[in-house]
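Read through the structure below, which is laid out as structure tokens, and then see the notes.
Each ligand, and each atom within it, is numbered from 1 in the order the structure gives. When reading the values below, keep in mind they use all heavy atoms of this one structure, side chains included, and skip hydrogens, waters and symmetry mates.
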Amino acid sequence: MAENTFRSPKGVHDILPKDHEYHTYIKKVIRHRARQAGFRRITTPMFENTRVFAQSIGETSDIVSKEMYTFADKKGRSLTLKPEGTAGVVRSFIQHGMNKLPQPVLLYYIEPHFRYDRPQKGRYRQFWQFGFEIIGESDPALDAQIIQLSHKVNEDLGIDGILTLQLNTIGLPESRTEYMQVLQDFYAGKERSLCETCLNRLDKNPLRLLDCKEEDCQILAKLAPDMRDYIDKESLAYHEELLSYLDEMEIEYTENKKIIRGLDYYTKTVFEFWDRETGAQNAIGGGGRYDGLIEQMGGQNTPAVGYAAGIERIIANMKREKIRVPSKDDLHVFVAQLGKEAKKKCLVLIDELREEGIKAMGALGKGSIGVQLKMADKFNVPYAILIGLTEVREKTAIIRDMQKGTQETLPINKVPARLVKMIGENNLDKYSPGELLYS
Ligand code: HAM
């Protein structure tokens, strides 16, 4: 490729029409499941004051310490492209006094997010996430509900069978202090076996050493003292209650005491959905409870729980499982014509067809009927309409069944109704914006 050809920046990509079919389908599933459960959609800005993320996700987290797209605006204010959704939602909850709404407040989002991650399979610098947040109440039944909802979405998308739910409790922050010291003591003298990242984390965020993916670090993590011997009894009881709800709903889980999560705001419940084959490297989603975050960001003491998943990773899994999504974009009809007069008839006919909900496209450029029919073949349409000189003169049109190769001639004004019958009412793409409005 020539040197001066433009390419997208490293780690970001176009969503081409084929992948949009997946995006559209996934968004539909999320909207449907969220609405069923009483969630309302929220969209927070693409960028926030940097403090919104620094103060919530944690200064020592990978996201804040090295993955944020931070820039100064013309007045020198530090702004950051959102690397995740929860912090912005919490900022918005506080700013708009949502604590005055009936609690809990159930919100969901489907948005692009940005992280200066090392680009590789399933890891991009702009990626789509959907997330659910339940803010305002603390009860293991709500954690169970978030998990159930995430699980349902996975089921709808056909990837539930290839995922495992990894579940843990990390207790209240106060109760973790002693354990962090215990961990530091445990790792003292073992520094040479640690990877560089863990070595850097040992001082400020030793918990993260437990979920490191490096083999040597994992061996050590297995030998580390058990966090559950140190965290508060209330969190342990809360966790037991959550497990009993999951059992009741027959949602399978794996208790994984090494799940810590990469964001600092979690309290008690944390969980991730892992790909059975590749494990934690490519968690498709994760979440947990964050009871302290709203107060920490200047709001009142308000408990919350949430989950978010990466849409690109879901699509990769769906493709691997050969799951196809219905393509709403497929055309029904291709209209071919010959001559200026035929073209006029075509323009009117195409409009009439579309009004009926028939997805129609015409080859309105030059080219013989044969060439146009070849195009129709390429678009994989079930039907073609042909209008040549004779048809214009006789006010007729030919409908051709592309698969059978059969055709019939009929008066042009009868074509829309005939095609509606052939395509089937249920397969039409009817659109009447007026009817969608409430009066
Ligand atoms: P997270 O685990 O950082 O959690 O991200 C959730 C999901 O976003 C990941 O499991 C992954 O599928 C996707 N993801 C993250 N980074 C990338 C990337 N660079 N490229 C592609 N996909 C990516 C959160 O963001 C929390 N806000 C979840 C949450 C909501 N907790 C409570 N409420």
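- In terms of modelled atom types and a separation under 3.5 Å, the side chain of Asp232 and the main chain of Leu172 share a donor-acceptor contact.
- For an aromatic pair to be called close, the ring centres must be under 6.0 Å apart, and Phe114 with Phe47 fails this.
- Geometrically, ligand 1 and Ile284 share a nitrogen or oxygen pair separated by less than 3.5 Å.
- For ligand 1 and Tyr266, the ligand atoms under 4.0 Å from any heavy atom of the residue are 26 (C), 28 (C), 29 (C), 31 (N), 32 (C).
- In this structure, the protein non-hydrogen atom closest to atom 15 (C) of ligand 1 is Arg115 NH1, 3.4 Å.
- Between Glu272 and ligand 1 there is no heavy-atom distance shorter than 4.0 Å.
- Exactly one residue among Phe273, Tyr266, Tyr290 makes a ring pair (Phe, Tyr, Trp, His ring centres under 6.0 Å) with Tyr307. That residue is Phe273.
- Judged by distance alone, the side chains of Thr44 and Lys82 do bring a donor and an acceptor atom under 3.5 Å apart.
- Of all the heavy atoms of Leu263, the ones lying under 4.0 Å from any atom of ligand 1 belong exclusively to the side chain.
- Between the side chains of Glu111 and Thr43, at least one donor N or O lies within less than 3.5 Å of an accepting N or O.
- The distance from ligand 1 to the heavy atoms of Tyr124 drops below 4.0 Å at these ligand atoms: 18 (C), 19 (N), 20 (N), 21 (C).
- The protein heavy atom nearest to atom 30 (C) of ligand 1 is Thr86 OG1, 3.1 Å.
- Below 4.0 Å from some heavy atom of Gly287 lie the following atoms of ligand 1, by number and element: 31 (N).
- Of the protein's non-hydrogen atoms, the one nearest atom 26 (C) of ligand 1 is Tyr265 OH, 3.4 Å.
- At distances below 3.5 Å, at least one donor-acceptor pair connects side-chain atoms of Arg313 with backbone N or O atoms of Gly122.
- Contact atoms of ligand 1 toward Gly122: 20 (N), 21 (C), 22 (N) (distance under 4.0 Å to a heavy atom of the residue).
- Looking from atom 33 (N) of ligand 1 to the surrounding protein, the closest heavy atom is Glu133 OE1, 2.9 Å.
- Distances between N or O atoms of Ala308 and those of ligand 1 include no value under 3.5 Å.
- Nearest protein heavy-atom neighbour of atom 14 (N) of ligand 1: Phe127 CE1, 3.5 Å.
- Remark: the backbone N or O of Trp128 is paired with a side-chain donor or acceptor of Glu312 at under 3.5 angstrom.
- Only side-chain heavy atoms of Tyr290 come within less than 4.0 Å of ligand 1; its backbone N, CA, C and O stay farther off.
- In this structure, the side chains of Thr169 and Arg289 stay at 4.5 Å or more apart for every pair of heavy atoms.
- Gln403 places no side-chain N or O within 3.5 Å of a backbone atom of Pro382 that could act as its donor or acceptor partner.
- For Ala283, the heavy-atom gap to ligand 1 drops under 4.0 angstrom.
- Contacts of Arg261 with ligand 1, taken as heavy-atom pairs under 4.0 Å, involve the side chain alone.
- Legend: side chain to side chain donor-acceptor pair (under 3.5 Å) pairs involving residues 90-108, not counting sequence neighbours, sorted by first then second residue: Glu48-Arg91, Arg91-Gln95, Asn99-Gln300.
- Ligand 1 has Gln129 within reach: a non-hydrogen atom of the residue lies less than 4.0 Å from it.
- The closest donor-acceptor contact from the side chain of His332 to the backbone of Asn427 lies under 3.5 Å.
- Between Gly262 and ligand 1 there is no heavy-atom distance shorter than 4.0 Å.
- Below 3.5 Å of separation, one finds an N or O of Asp117 facing an N or O of ligand 1.
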